[in-house]
Amino acid sequence: MVHTTGGISIMAKILVTDDAAFMRMMLKDILTKAGHEVIEAENGLVAIEKYKSESPDLVTMDITMPEMDGISALKEIKAYDGNAAVIMASAMGQQAMVVDAIQAGAKDFIVKPFQGDRVTEAVKKVLG
Amino acid sequence: MYKDVVIVTVIEKYEEMLTLSFEAVKQVIPVPSKVVSVTSATGKIEINDISVMVGITGDLKGQILFLGDKSTFSSIGEALFGMPIGEEMLSSFVGELGNMLAGNVSIIASQKEINFDITPPTVIEGSKSNVSGYENSLISEIVLEEKGTLAIAFLYN
């Protein structure tokens with residue numbers, strides 16, 4: 001992770017987790033334009049593997065995915081690394097789901113569809 | 001020009017789902033839209049071009065099927081993301097649109113104390129495919145201004 005003076009921009013390694021290639025492409029586009037490095041995972045299981053092997057600074061996590069859903073993956077990542085920074089990005093934004101995610105340790109919950117600046121603001125806030 | 005909404009025969013909570021799904025369309029897709037027909041049926045639904053199916057489980061059980069043609073979905077993608085959706089990404093986009101629409105239906109439904117979860121989407125492509133394996137279907141057709149028609153079908157037993 002690289003910090004510039006004056007806190008103008010922080011380049012982070014971000015793991016984008018979503019089963020839709022289209023959504024991974026959109027998020028990668030938004031985040032690389034914001035100056036970050038992006039790696040991808042297509043489900044919760046791959047996200048856990050990549051979290052352990054790549055040590056990203058932040059994770060974006062979809063919920064509805066095959067193999068392993070995002071809430072389960074969030075819990076496993078947090079169990080592995082209590083300081084893990086995870087932002088949920090999902091269409092499943094019912095209040096109960098948001099509460100579950102935050103209680104499981106997510107830092108923010110973005111409901112799809114979202115605008116690019118919602119993502120970059122959330123990332124900026126979490127990276128602090 | 002839009003026709004009047006025609007409601008044939010529906011079961012109340014699934015009828016409400018059609019209303020909620022239209023609300024989701026209005027929230028997710030930023031173009032003027034109107035329901036032009038609502039029908040109930042049994043038997044197979046024919047799919048042309050491309051569609052996406054999402055399972056629902058909880059207070060309601062069944063599938064939601066979103067049907068349209070490729071140009072309609074591509075136009076929706078352009079309206080949402082400001083750029084045309086290329087052929088190689090269209091299937092994935094259609095799956096994700098199904099996910100977003102079904103997810104938003106689940107949010108709106110939960111506010112009315114109808115709670116269900118959704119499965120990952122399944123995209124179906126090809127002309128003249130048929131979907132079967134359920135007893136009932138409720139179908140609404142929604143015209144999206146200058147984009148085309150999106151049909152939403154609830155399939156249940």
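Hydrogens, waters and symmetry mates are skipped; everything else that's a heavy atom, side chains included, is used. This structure is a prediction, so every number in the text was calculated from the model and none was measured. Here is the naming used below: chain letters follow the sequence lines, and residue numbers restart at 1 for every chain.
Using a 4.5 Å heavy-atom cutoff, the side chains of B:M89 and A:M26 are not in contact. Side-chain contact between A:D19 and B:P121 is present, with at least one heavy-atom pair separated by less than 4.5 Å.
Both B:F66 and B:I142 are members of a single hydrophobic cluster when ILVMFWY side chains are connected at heavy-atom separations under 4.5 Å. Linking ILVMFWY residues whenever their side-chain heavy atoms come closer than 4.5 Å, directly or via other members, places B:V105 and B:L18 in the same cluster. No chain of hydrophobic side-chain contacts below 4.5 Å, direct or via other Ile, Leu, Val, Met, Phe, Trp or Tyr residues, connects A:L15 to A:V46. Residues B:I139 and B:L155 are members of one and the same hydrophobic cluster, defined by side-chain heavy-atom contacts under 4.5 angstrom among Ile, Leu, Val, Met, Phe, Trp and Tyr. Criterion: ILVMFWY side-chain heavy atoms under 4.5 Å apart, direct or through other members. Under it, B:L138 and B:V131 are not part of a common hydrophobic cluster.
Taken to the nearest 0.5 Å, the CE atom of A:M92 stands 4.0 Å off from the CG atom of B:D117. The CG atom of B:N104 sits 9.5 Å away from atom CD of A:Q94, with the distance rounded to the nearest 0.5 Å.
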**Item:** side chain to side chain contact (heavy atoms under 4.5 Å, CB included) evaluation trace for A:D18 with B:E96
**Value:** CA-CA 10 Å; A:D18 200 297; B:E96 186 57 19; 3.9 Å; yes
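Considering every non-hydrogen atom in both B:P120 and A:P66, the closest pair reads CG-N, 3.7 Å. B:T119 and A:T64 get closest at one heavy-atom pair: C-CG2, 3.2 Å. Across all non-hydrogen atoms, the minimal contact from B:S92 to A:A20 is OG-C, 3.6 Å. In terms of heavy atoms, A:A91 sits closest to B:I107 at O-CD1, 3.5 Å.
Contacts between B:S91 and chain A at a heavy-atom distance below 4.5 Å are absent for every atom of the residue. With a 4.5 Å cut-off on non-hydrogen atoms, A:D69 does not touch chain B at all. Interface remark: B:I108 contributes no atoms to any contact with chain A (heavy atom separation under 4.5 Å). Neither the backbone nor the side chain of B:N115 comes within contact range of chain A; no heavy atoms are under 4.5 Å apart. Proximity to chain A is limited to the side chain of B:S110, based on heavy atoms less than 4.5 angstrom apart.
In terms of heavy-atom pairs under 4.5 Å with chain B, the best-connected choice from A:M97, A:M25, A:K112, A:Q95 is A:K112.
Counting heavy atoms of neighbouring residues, nucleotides and ligands inside a 6.0 Å radius, atom NZ of A:K78 exceeds 12 of them. The number of heavy-atom neighbours closer than 6.0 Å to CD of A:Q115, taken from other residues, nucleotides and ligands shown, is 12 or below.
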